[in-house]
Amino acid sequence: MAPGTPTDSPQGEKTKNRRPKDTKFKQQKLPAWQPILTANTVLPAFFAIGVAFIPLGVALLVTSNNITEFVLDYTNCKNSQNPNETCAKFFENVNNTGLICRCEQEVELPEFKGQVYMYYGLTNFYQNHRRYVKSRDDNQLNGQSVGVSSLNTDCDPYRTVKGNDSEGYAPCGAIANSLFNDSYTMVFNNSVPVNLLKTGIAWVSDKSVKFNNPSNWDHMHKPPNWARPVWELDVNATSNNGYKNEDLIVWMRTAALPSFRKLYRRIDHSQTEFKDGLQAGTYKITIDYSYPVTAFQGTKSIILTTTSWLGGKNPFLGIAYLVVGSLCIILGVIFSVIQLKWGKRSVDMVNITSRETY
Amino acid sequence: MGNIIQRLRSRTKPKYRTIVPNCVVDPAIPRSHKSHPNHGYLSNKIQTTRYSVITFLPKNLFEQFHRYANLYFIFLVALNWVPEVNAFAKEITMLPVVFVLAVTAVKDAYEDFQRYRSDKKVNFQNCRKFSSREKRYVKTEWHDIHVGDFVHLSCNEIIPADILLLRSSDKEGICHIETCNIDGENNLKQRYSVKGLDTKECEFDASDFCNTIEVEQPNCAIYKFKGYIFENEENKIALNTDNLLLRGCVIRNTDFIEGICVYAGHETKALLNNRGPRYKRSKLERAINRDVVWCVVLLLFLCFFCAIGSGIWLADYNTLKENTNLVPFISFGDLDQYSPLYQGFIVFWTYVIMYQIVIPLPLYVSVELVKLGQVYFMAQDIEFYHPKSDKRLECRALNVTEDLGQIQYVFSDKTGTLTENIMEFKSCTIGGIDYPHLPGDENKSEISDLGSKVSVPSRNSSVLENLRLEPALQRELSNMCLRSLDSVELVIPRHVQRVQEFFLLMAVCNTVVVSHHPHEDNIDESGFLTDPQFVGGIASRIDQPLDKYSRLSQSSTPTSSQDQRDSLTPVPSDGSIGGSSFLSDMSSRTRYEAESPDELALVKAASTYGCRLLKRSPKTVVVWLPAEGEVELEILHILPFDSTRKRMSVILCHPLSKEITLYTKGADSAILSVLDKSFKDDDEYRLQRDQTIECLTQYAMKGLRTLCMAKRVLKADEYKSWLVNYLVASASIEEREELLFKSYCDIERDLDLLGATGIEDKLQDGVPEAIAKLGEAGIKLWVLTGDKQETAIQIAYSTKLFTKNQEVIQLNATTKEEAEALLRHHSEQISKDYKSSIKEHNTDPSTLFFREYVLVIDGTTLTFALTEELDPIFLALCQKCKAVVCCRATPIQKGNVVKLVKERLKKMTLAIGDGANDVSMIQTADIGIGISGQEGMQAVMASDFAIAQFRFLLRLLLVHGHWNYFRLSNFAAIMFYKSLITVFLLFWFQIYSGFSGSVMIDSLYLMLEHLLFVSVPPIVNGVFDKDTSAENLLNKPHLYKAGQNSKLYTKWTFGIIFLDSLYQSLVIYFITHFSYTNYSVGIWEFGTTLCVCMILIILLQIGLETNSWVWLQWLFLILSFLVFWMFAIISNAIFFTFNPPSNPYWVMENTISQAIHSCIAIIVCVLALLPRVVIKSIQFTLFPTEIDKIKQELQETMTTEEKQEVSGYDNDNVRTIQTSDNSNMNQDNASSTRYDKIRMSDHDVAACRRNTSSFLITKL
């Protein structure tokens, strides 16, 4: 603004008085509260937290302990065709993706009560690797008619068929290409096969909105590691075929940590034998082993578990609550001591100094 | 911009510009054409805007990209476009930068729009310029005035451009202007129409005037102007400052003026003087910048660490060398890409993008916002309002608000700063006889008695109401008066004559203007003559006046003298105002207006004694003398005041005796040195002189400002010979000033001393109390004044800067050696005293008493002390003294002293002053404060803050300074904390994702986190939070020391923030990590839980760091969390794929519907904040700071009071406290309701509530 120019000229005599308005807001005199953190005031808070956390911790622990879980690491299970060789070794030697190494394991299971889920677990598998996480095309998976040329370049090198840019992979990218393809069957007492449900394992939102099949599969090919193209993943049920295949959907939701488990199947509890869960007894689990993990020092396991409001079996949270709760109680005690021993004195000190200085 | 153009132009152009009146030029020639004589001069249209609608975007962006921080972030955005490197989706990364750029751009655009509006307002004001076509003045708008146009202005109109005064309604060609808009001085200044043109018989007429004018190229020197009018080939008339009317001034006391425009628009002196605001960087900001550097170091370290980690991790998968297909999660197209070194390098840049948040991008923008808020509330503080001058605090600099809380040295001017600068005549000495003007009641009656005797005209505004007349003096004057009435021939004793001459000098030797009568222009607003003979003129005249004056009153700028001006504003009348009618009530309208308050005091005092100044014109002065009645004296010359001579003189010619007398008044040193030496041996004379000098010292001791009065009777031939020299000097063009100075000195010699006056400059209200409290606050106060040593010391005592039991060290040296010896002597003396006092009181150290010293140094000694060899000793000595007073200091010395302390001692300095002589130190100091007082606006213009009274400084520093510093240190800490915790959280995840640069939190959240989710509460705290109340800060000044010693934001602050955020991020990450083990959790659910915890903890931490809660803080804290929460829920309910790889559809909904999420959030919040709560409460209990102690005291009194009146306590109030406070420990209201929703066991919520309601609440 230029000086010497009559800019803010008052309109008439209204602005004669430049006195600021005496409002509580403008004078910064709004009612205010000053919470003070002293040993005295935080003391009850500590006890209260302690009192709240310890029972909660116990509840969490009990919940976790009530979960029945069975884990079978089958990384090095024996090839049923060649008992001298483990399946891991088999794949090291064969180095061919199309092959299957079958292994059978007999396991003694405790009783499972309630809904039982079957998970597969992988360790040392970095599904959260930056380049891996990116290597997908959500538009393609959503069934939008994505031309081969407009596929997400992050899918490389599993975007287009090598040497032919007009032919693409469906679905493209490293995630899809590395789809976990071991399959399990389970037989109770060598006679009763356990029915495993393929559906209801993925998020409803994923299945209904995120994953959709395109109108056609022109110029699309199966990813290099796959045995079948995506439109043949589940030929028996159209609602579980193509991109809507729940195994694919579950796999495509990349895991947070390098050791993870993903839901594989639900146990069918409509069978009379397994109405209230799984009976205790001997089960024979047949594994079609076709997913090599030894190259990255990974392990594979099969997990049978019941569930609770808290999720899977994990005592960590319960213990954490107990520890923090006890810590708060201990701190409360320490603070009581401090308050008793020094609390008064500090007040005296204040009075002395205030008298001295003023 | 204009300045640059100007500079370029002046470099290539000759020294002078030639102006031909536009009416002479053929109107067919377009102004821009080369053949137009006035082409190339700027028009009067001003444009202060920086942008136009079209240039705004490119230009503003260009300017913003000049800032390093912005460049850095632009670099990151660019980096993110490299496909190998990219960390986030390309568009998302741009979000923060775009946001910051947009906010700044909006701010700039708004400011520019304001400028545009004010420009428009200015450009479209009306005035009248001469139209050669219509042969009369026509109404035009300001922007349409060009160099060479004739302009007609009426009384009270604002001058639209720099105009050369050619004609004034006044017979002598005088025009009065008020320069308030330029230098803030409210008194009237005289300007003269060009001499020489007057000598022609005919009056100036616009249509006849065809002379070429040559003036200097436009420059910014307001008080310098040179030029000529070429009357014909050989005759040229010199022009000077007195002929120039500056743009922005207001015509006063003159019916109308006419002139030619010589500089217009941006070439006017007023606009050339308009410098942009200075950019200062505050101390805290420097500390923040230091920590930003730490952030950069941390960034580089993390990036290197992760890059190396990535290489090592990748090297583990050496099977890849054989077959890229074996490790499914590492997808290389071909084997060549598998190179740990190369991938490490690539990932390094990815990390640079990822960890960019460590440098808080919005820090600078939000710091500015916080300061804006602080400044707003400072300006609103009613305690700074001074009703008498109708002024409040004015903040002129935005970026040093927190420096106010760290001041260690205050440098103050004396006159007008510590004192009112309202001068009161207190005593005088005439011919060696002292008239002390003792205050007493008995004088009162005598005044009224004498009043009738000497027929002092009825009391009016020109007479001092509260001056107690000295009876002895009155007697002398009345005697003289009687004598003159009875018998003129009677010989008047020499002393009585001196008395009269003394008062005559007081009344005459000055620049005081007697202003009265309303003014009527002969031309109306549209340029028609308002002469009755024009029929149209009558019609317009009847319609116009109301309209015209309403416009004038609108356009007059608001100043403190509004009332005064109202009385001057003519009342619209039917035109019957005649000379006689207004002369009759002249006395009631008489008003003195002077350039300096001293002069006003003298004239008023003289008037009270019956020696009244009635009228002044350049040639004559009419005075009423007790002995002679009304006398018209001819003024031959006025030799104006300048700071080298330190005196002014008038040469008068008595109408009857034709005696030519020189009357001089000035500083004692300036007069005493030029006294007549021929009387040296005359005893009577010597006695007189000695007595006068003694009186002067006494006056100075009382803190009065002294002036000496002297006269000299000039012999006719002596005068004549001097006149020749003088005329030569004044006509010379090149060295006029030097020659004039010489000629002034020639005549001002051999003076006869008449006497001296003492004028009191009253102390401002509350100055001693303010100084005492500043002292308690640990602020050292130095007074730098141009006044005399005795006066300065006296003021120092009366302001309690010095106390009686302090020892005053006075340093007066005339040579450098002497100065050095003095400095060394006193330094040693003090250390000796110190040692001896320790020895004496060896036995009982508690009663140890150190003598306190204060230092007084004069200007000459200061010159030596400020030299490079001596300044270390000088500084050392000063530091040992409680206070320092520098007297007789020149403006430059003032600046140098401040610079010395600021640079050598590395202390925070503040300079406060009110006059032009303080500008140097105000600009040098870390903070400059201007007092908007009597002496004009120059100090205010140079300052960062302007206050009305010195005592407001106390509140400004102790309250607002402290608050601002406290708030901004907290704010900066929170800003860094926010960034660090985010970055560490991302870092921990890298360990579990193969150092691949993977981000588990949706990049949308990350980018918006610091812009939206957690940005507002710190800003609100930065504006509203208080550590303690204003009353406490004022009552306990020692609280200020925390800021002085930079206690609140230290080197360790960043370290503590670092550790705290490291710990908190560890807690957040690993509790979440281990809780989700054996849980089928996707990367985005995992990240969502982490992000919710992080934002919750950041907000809670802000809550913990909040000292006093007002509803605003609650509101924004809760709102922030809700905004994040709702944003996450809503954005995750929409299917979109623009932000790969995170396709967050339904992630938030799924995550929060799982009980484990809430269980994690609760324990993480408790555990993360536990150490801070523990340390804070232990510190408060065992090692309370000064402020904590006050809080405790307050709490105790409150609790006792509350116990007593617990029943009377407002129940509603209690409820609100409890409900709103329950979030303090664990979670916000928002989150607690959420926990309710997700069926968290009720007893937990209840427990939380119990915890937190037990927090002690004190009402501020």
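Just so we're on the same page: letters track the sequence lines, and every chain starts at 1.
Comparing B:Ser996, B:Ser998, B:Pro387 by how many heavy-atom pairs each has under 4.5 Å with chain A, the most go to B:Ser996. Ranked by heavy-atom pairs shorter than 4.5 Å toward chain A, the options B:Thr1106, B:Val1023, B:Val1081, B:Val347 are led by B:Val1081. With respect to chain B, the highest number of heavy-atom pairs below 4.5 Å among A:Cys328, A:Ser178, A:Gly298 belongs to A:Ser178. Chain B forms more heavy-atom pairs under 4.5 Å with one residue of A:Leu43, A:Ile175, A:Asp138, A:Asp22 than with any other, namely A:Asp138. Contact count versus chain A (heavy atoms, under 4.5 Å) is highest, among B:Phe1183, B:Phe384, B:Tyr385, for B:Tyr385. When the candidates B:Val1174, B:Ile1160, B:Leu1167 are compared by the number of heavy-atom contacts under 4.5 Å with chain A, B:Val1174 comes out ahead. Between chain B and the residues A:Tyr126, A:Tyr321, A:Phe296, A:Trp309, the largest count of heavy-atom pairs under 4.5 Å involves A:Tyr126. Ranked by non-hydrogen atom pairs under 4.5 Å with chain A, the options B:Arg117, B:Glu383, B:His1073 are led by B:His1073. For the options A:Phe316, A:Tyr291, A:Phe260, heavy-atom pairs under 4.5 Å to chain B are most numerous at A:Phe316. Contact count versus chain B (heavy atoms, under 4.5 Å) is highest, among A:Ala174, A:Pro258, A:Ala59, A:Gly312, for A:Pro258. Note on A:Leu60, A:Asn142, A:Asn177: by heavy-atom pairs under 4.5 Å with chain B, the leading option is A:Asn142.
A distance of 8.0 Å separates CD1 of B:Ile382 from NZ of A:Lys29, quoted to the nearest 0.5 Å. Interatomic distance, A:Lys26 NZ to B:Asp381 CG, rounded to the nearest 0.5 Å: 12.5 Å. With rounding to the nearest 0.5 Å, the separation of CG in B:Asn1078 from CD1 in A:Ile303 is 7.5 Å. Summarising the geometry, atom CG belonging to B:Asn1107 is positioned 6.0 Å from atom CD belonging to A:Gln34; distances are rounded to the nearest 0.5 Å. Within the model, atoms CD of A:Gln339 and CG of B:Leu1182 stand 9.5 Å from one another, a figure rounded to the nearest 0.5 Å. Distance OG/B:Ser1177 to CG/A:Asn40: 10.5 Å, rounded to 0.5 Å.
Without hydrogens or angle criteria, B:Lys1026 side chain to A:Gln28 main chain gives a donor-acceptor distance under 3.5 Å. A:Asn128 places no side-chain N or O within 3.5 Å of a backbone atom of B:Ile1083 that could act as its donor or acceptor partner. Side-chain atoms of A:Asn314 come within 3.5 Å of backbone N or O of B:Thr1077 as a donor-acceptor pair.
Annotation: A:Phe125 is in aromatic contact with B:Phe329 [ring centroid separation under 6.0 Å]. You'll find the ring centres of A:Tyr119 and B:Tyr1079 outside the 6.0 Å limit.
Looking at B:Glu1085, the atoms closer than 4.5 Å to chain A (heavy atoms on both sides) all sit in the side chain, from C-beta outward. Neither the backbone nor the side chain of B:Val1164 comes within contact range of chain A, judged by heavy atoms closer than 4.5 Å. Heavy atoms closer than 4.5 Å to chain A are found in the backbone of B:Ala379, but not in its side chain. For chain A, the nearby part of B:Tyr376 is the side chain; its heavy atoms alone come within less than 4.5 Å. Only the side chain of B:Phe989 comes within less than 4.5 Å of a heavy atom in chain A; its backbone stays farther off. With a 4.5 Å cut-off on non-hydrogen atoms, B:Val999 does not touch chain A at all. For a residue to count as touching a neighbouring chain, one of its non-hydrogen atoms must lie under 4.5 Å from one of that chain's; by this rule B:Phe1135 touches chain A with the side chain only. For A:Lys162, the part lying near chain B is the side chain, with the backbone staying farther off; criterion is any non-hydrogen pair under 4.5 Å.
For A:Leu263 against B:Ser1080, the heavy-atom pair with the smallest separation is N-OG, 4.4 Å. Considering every non-hydrogen atom in both A:Ala39 and B:Thr1181, the closest pair reads N-OG1, 2.9 Å. Across B:Phe1180 and A:Leu37, no two heavy atoms sit closer than the pair CB-O, 3.2 Å. Here the closest heavy-atom approach between residue B:Cys1159 and residue A:Leu317 is recorded as CB-CD1, 3.8 Å. When all heavy atoms of A:Pro20 and B:Gln380 are compared, the closest pair comes out as CB-O, 3.1 Å. Among all heavy-atom pairs drawn from B:Gly1082 and A:Arg253, the shortest one is CA-CG, 4.4 Å.
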Could you go through B:Ile1162 and A:Phe53, starting from their C-alpha distance and side-chain angles, then the distance that decides it, and tell me whether this counts as side-chain contact (heavy atoms from CB on, under 4.5 Å)? CA-CA 10 Å; B:Ile1162 292 169; A:Phe53 271 28; 3.7 Å; yes
Working for side-chain contact (heavy atoms from CB on, under 4.5 Å), residues B:Leu1170 and A:Leu331: CA-CA 10 Å; B:Leu1170 202 60; A:Leu331 279 170; 3.8 Å; yes
Verdict with reasoning, A:Val133 to B:Trp1084, per side-chain contact (heavy atoms from CB on, under 4.5 Å): CA-CA 11 Å; A:Val133 169; B:Trp1084 305 120; 4.0 Å; yes
Report the C-alpha distance between B:Ser993 and A:Tyr132 in whole Å, list the side-chain angles of each, state the deciding distance to 0.1 Å, and finish with yes or no for side-chain contact (heavy atoms from CB on, under 4.5 Å). CA-CA 10 Å; B:Ser993 67; A:Tyr132 183 81; over 6 Å; no
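Ring geometry for B:Phe377 against A:Phe25 counts as perpendicular: the plane angle is over 60°, on a 0 to 90° scale with 30° as the lower cut.
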